[in-house]
Amino acid sequence: MASTGRRQRRLESSRLSGEEKRERKTSMSEMRRRTFLQGTAASVVTVLGLAACTSSDSDSSSASNTKSSSGTPSLTFSGKAWNYDATNDVYYQIGRYYVAKPAAEDYETLGVMVPGKYLKGTKNSDGTYTAAVDASGKVGGFTASTAPIVFPVNTPGYAAQKPLTAYSYDDVSAYLKAGFVYVHAGLRGKDSNTSSYTGNAPWGVTDLKAAVRYLRYNASLIPGDKDRIVCFGHSGGGAQSAIMGASGDSELYTPYLKSLGAAMTDANGKTISDAIAGAMCWCPITTLDYANASYEWNMGQFASTDTRAAGTWTKSYSTDLAKAFAAYQNKLGLKDSSGRLLRLDKSTAGVYLTGSYYDHLVSVVGESLNNFLKDTTFPYTPSNSTMAGMSAGGAAPAGAAPGGAMPSGGTPPGGSTTSQASTTYQTVKEYIAHLNSSGTWVTYDAASNTAKVAGLAGFVQSQKSASKSVGAFDGPDRNMTENVVFGNGTSGLHFSPVAEQVIEANEAAYAKISGWQASYAAAQYTSDFKKTDSVGEDMAHRVNMYNPMYYLSGFYQGYKSGKVASHWRIRTGIMQGDTASTTEVNLALALRNFGVKDVDFATVWGQSHTMAERTGNATANFIAWVKQTVAK
């Protein structure tokens, strides 16, 4: 194999995460039709202000970008150009460049929305306001100096996040009423490519880091506690929030940030940080270096159709990838809460389906099911977009944020729906019988209202079947979403070292099996890995930048090279076929092993690739978590 020695180690020290084929196929009209974080069906023009928004309160003058007399953007925020929504008492500015040398002027601007009590303003002749921080104002128990600052990251499939072009109070009301400062930054992504710039990794997270630095550079002019910055998002947005949470001040980003003219030091020459305090990650698609392998171990080995049908080279590839995942998992050295080393062992049936890590994963499945039984009142009608403890129609619980719960049948933009029968289960016993309809894998004790999961195979075949082809993230023909994430413009590139290693080791055997093509050879991976980006960095470097585990696990060379956020909330739908359960489970384990005390992790039964919550409303739950943990 060509990837040996130092280069192989670098490649093994990398990988990122991305989103599923179905997500890639989601149309823009569907994305706008469905809600993201606010969960309100009325919000059809934009989602939580994460796309261009309009409002009767919008002021077109707010979209004017700040540039110096020489025509280059200024890193200094203007306190003399605020717009004011008198009806809702909100000061806001949008269209402010957050870098001095923007590569993508149509993306690299941000908007700031602030509760009016945090500023004291005087109206200017042009209708804007000159405003200074008011230390005495309070909202939701916060002041201008203590208010958390939240950054939404709506980047499904690592797509771009368009900057705001207008202000809409409805999209941000829940956060401002809670006393938060809301900052929306335009970010490049895999779908933002022109003749002058690309949006492939690592530019999305780089842009986000630059926006955080801009906020700190202008700390005295913009209200909010710069030590209480939280990024939040779903799927690719959850992934990039996780990357932000793990990679604070990573030197890997330095040349990229400098190329944009990001704020690196303040007026006194002190280094500015891009580290954040908290990360809210719904279904984060991360750890892409071994995502091909984890997918086949967790799900692929239990499938026998399509690319996993007997007699195809991809079936053999699937099995070999599953074995490679076991080897990787054992090298991670993760431990559970009692200090037990978690590992996979060979099994008489299946691929490495015994060992302490296997037992841990089965216990996670069992905990998810038992939480569901605790939270749910029967009769129960499955719905992929309502949470346990809620009505099938998605009624919001008391005290939920405006907009209520996600509507029945809906998913966030970039999410995917899983078809479910509309059967209503009258009793728990009836529902358990349904789960066991193809073979018993759940036992139920009615007296304690608890269930026990026998093993992974039954669960996967019943609730989490593979929905992606073999090579789920780095496809043999470079056709997966993540191939473009790490590609060059719209052209996909190979990025997975485990894919290269497995194919090279078994290439001669695969070539004799149906479906193999010469273009699938390991040499194609080796060639792609050598290609460099505009900053001169190769594939291994870029993948490291986008892999939270690179900063959290001693398996990787980047261990402890980033400033890790102190507060994490991770939620995932256990049914999702978009990624292996190991993705979020390993992230949570690695954070706890790293020493992070506040890791709130849960898998949600009956949900797939959505903003899954055990009970209640995603927005309200997120706001409550920030108040209870990050803001303490």
Is the Tyr84 to Tyr167 ring centre distance short of 6.0 Å?
-> no
side-chain hydrogen bond (donor to acceptor under 3.5 Å, both in side chains) with Asn593: which residues, sequence neighbours excluded?
-> none
In terms of the angle between their ring planes, are Phe372 and Trp605 parallel, tilted or perpendicular, with boundaries placed at 30° and 60°?
-> tilted
Strictly by modelled atom types, are Ser368 and Asn371 linked by a side-chain donor-acceptor pair under 3.5 Å?
-> no
Would you check if there is a donor-acceptor pair between the side chains of Glu105 and Tyr97 at a distance under 3.5 Å?
-> yes
Between Tyr92 and Trp82, is the gap from one ring center to the other below 6.0 Å?
-> no
For the residue pair Gly121 and Tyr91, what are the closest heavy atoms and their distance?
-> N-OH, 3.3 Å
Hey, are Lys563 and Asp249 close enough for a salt bridge, meaning a charged N less than 4.0 Å from a carboxylate O?
-> no
Indicate whether the side chain of Thr254 and that of Glu251 have a donor and an acceptor atom separated by less than 3.5 Å.
-> no
So, Thr128 and Asp126: side-chain donor and acceptor under 3.5 Å apart, yes or no?
-> yes
Decide side chain to side chain contact (heavy atoms under 4.5 Å, CB included) for Val181 and Tyr118; before the verdict, give the C-alpha distance in whole Å, the side-chain angles of both, and the deciding distance to 0.1 Å.
-> CA-CA 9 Å; Val181 173; Tyr118 296 161; 4.3 Å; yes
Taking atom NZ of Lys226 as the centre, report whether more than 12 heavy atoms of other residues, nucleotides or ligands fall under 6.0 Å from it.
-> yes
Are Phe232 and Phe622 close enough that their ring centers fall under 6.0 Å?
-> yes
Side-chain ion pair, Glu108 and Arg96, N-O less than 4.0 Å = no
Are Arg188 and Trp203 in a cation-pi contact, defined as NZ or CZ under 6.0 Å from the six-membered ring centre and within 45° of the axis?
-> yes
Does any donor atom in the side chain of Thr155 or Gln161 lie under 3.5 Å from an acceptor atom in the other side chain?
-> no
Full working for side chain to side chain contact (heavy atoms under 4.5 Å, CB included) between His184 and Leu110 | CA-CA 5 Å; His184 178 283; Leu110 56 71; over 6 Å; no
For Asn124 and Thr130, does a side-chain donor sit closer than 3.5 Å to a side-chain acceptor?
-> yes
For Tyr197, side-chain hydrogen bond (donor to acceptor under 3.5 Å, both in side chains) partners two or more places apart | Asp106
Applying side chain to side chain contact (heavy atoms under 4.5 Å, CB included), run through Val596 and His567 and close with a yes or a no.
-> CA-CA 7 Å; Val596 178; His567 308 280; over 6 Å; no
Do the side-chain N and O atoms of Gln576 and Glu584 include a donor-acceptor pair separated by under 3.5 angstrom?
-> yes
Could you give the distance from CD1 (Ile243) to OG (Ser250), rounded to the nearest 0.5 Å?
-> 11.0 Å
